[in-house]
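Per chain, numbering begins at 1; letters A, B, ... match sequence-line order. Quantities reported herein were computed from a predicted structural model and do not represent experimental measurements.
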There are 2 protein chains.
Amino acid sequence: MPKLSKSELVAAKLRNYIINKRLKPGDRLPTEGELAEQFGVSRVSVREATKALGFLGIVDAAPRRGLSVGKVSMKRLSRYLSFHFALADYPLDELIDTRIVVETGGLRQVAERMAKDPSIYEELNAVNDKLRRATKKSEWLQGEVQFHCLLVASSGVRALAAFNDLVQVFFQKFRADFSRSRWKNGIPGHQEIIDTLREGEYQTATTLLTTHINVHRDRDKILKRKSKKSDAASASALNGRSPA
Amino acid sequence: MPKLSKSELVAAKLRNYIINKRLKPGDRLPTEGELAEQFGVSRVSVREATKALGFLGIVDAAPRRGLSVGKVSMKRLSRYLSFHFALADYPLDELIDTRIVVETGGLRQVAERMAKDPSIYEELNAVNDKLRRATKKSEWLQGEVQFHCLLVASSGVRALAAFNDLVQVFFQKFRADFSRSRWKNGIPGHQEIIDTLREGEYQTATTLLTTHINVHRDRDKILKRKSKKSDAASASALNGRSPA
DNA sequence: GACGCCTAATTGTAAGACAATTATAATCGG
DNA sequence: CCGATTATAATTGTCTTACAATTAGGCGTC
């Protein structure tokens, strides 16, 4: 059990403070000095906590104005997590499983919302167009993440979208060694998915998206074919959901 | 253009340092004092940066050992996600959608693993037994979370499990006002789900689990049948302490 | 009333000191 | 000679104090 340092405790207490008082972005927090007194620690410890939270955009600090609750955005995180090499945490298979669950999980809602609001389709289409025009690999990498994040965000299930943002960052390193012909190939796949969704056929879209994501698994299998025989056809799960 | 603070600069430099030297998790970094001298700032600024990166698990610090590159884990990041959740205050409907996606998403894997390892069934069964013996509501609350967390963890998809842990914690407040007869009712549901999974029928289990979770939605609908589509800032109860 | 200056509150940075922790070396017992 | 224990020292963790930098809000002048 890793013993929590004082600044980490302060961060946790600050979190509870924000939750208990039901503070929302923009609301004021006590000053560093007041927090120090209230929590019974020195200003240094408070600062280490607020600074750390400030890095993430959770709190916002300015001289004279003091501290306030900031707007949490996943973009801040990605900035610090852009070290793809440091993220070798979960094996590829588990990340792919995770992606399939999270991304396909929201498709029904995406289809429903598309039916009511055509602009959702337009946005996704625009991102995919941008992807078509991409020439440099970095452009594609960025666009690819953007597309998949927007897809889940379009479900309107924001908690799922937030988690998906993280997963996409984690996954980034596996996209790195993807040949150009390979990713040019994926773009019509995107198109098919959103077109199918516009028709309301979210179950078909689920199959398509699953296959799209599983491409990474196949590639991995090929790379280490020497290992045990495995069922490459995969095609495994379409998660049957939606009980009415 | 937001002016970067010194500690943020240090964080950026540290990031470049890690990238340029191609450091991997576990590799040693200079000490705080050395970094301070090298970057021409005080130890305080270095500390604020390393602390912030430490929150994300990007650097790891220990007395005498010094600083080293850490490995970012989903556990670590859920701390950040928990802030996101806390500030966002998602409505019940979205949390239910999230739960259904995450919990049912792992069922296929659970069934597969159960077939190979019977102890998975036993564990789930044990938790459900404990649930049956629960008399106090607090026991039930704890057991309920434990069951659903174990269920997802049994899929072996750890990233999904980590996220699910978080969702369960935030869902707790909605379980709070659940009558005893109501939750006694849910226990056979659990049993049916794990039994079905043992048979390998994960699609049936998906339907069952979806219904099980949707009970909360129905109840919600009933509660505010009078009040129309109002977001109705949820009242009451928060947890007091941080979830580790 | 509008504009610019002043002041004070608050964060930002620094230096020094000491406590807490722990890897490594030294010591001791067998 | 080896294992366990103790002592040492290096490093992070925390506190205190001090001061610089920034800026919101008040004051005064026109």
Notebook entry, point to check: What string of B, S and - do you get for nucleotides 12-22 of chain C, 5' to 3', when a contact is any protein heavy atom under 4.0 Å?
Noted result: BBB--B---BB

Next item on the list: Enumerate the residue pairs fulfilling salt bridge (charged side-chain N to carboxylate O under 4.0 Å, His left out) with a member in residues 116-126 of chain B, sequence neighbours excluded, ordered by first and then second residue.
Entry: none

With a cut-off of 3.5 Å and sequence neighbours excluded, list every side-chain donor-acceptor pair involving residues 55-65 of chain A.
| unit_1 | atom_1 | unit_2 | atom_2 | d |
| --- | --- | --- | --- | --- |
| A:Asp60 | OD2 | A:Arg65 | NH2 | 2.7 |

Next item on the list: Write down the distance between CZ (B:Arg28) and C1' (C:dT24), rounded to a whole number of angstrom.
Entry: 12 Å

Note to self: Test of understanding: with side-chain contact (heavy atoms from CB on, under 4.5 Å), list the residues that count as partners of B:Arg113, not counting sequence neighbours.
What the structure shows: B:Ile120

Checklist line | Residues forming a ring pair (Phe, Tyr, Trp, His ring centres under 6.0 Å) with B:His84, sequence neighbours excluded | finding: none

Next item on the list: Could I get the full list of ring pair (Phe, Tyr, Trp, His ring centres under 6.0 Å) partners for A:Tyr17, not counting sequence neighbours?
Entry: none

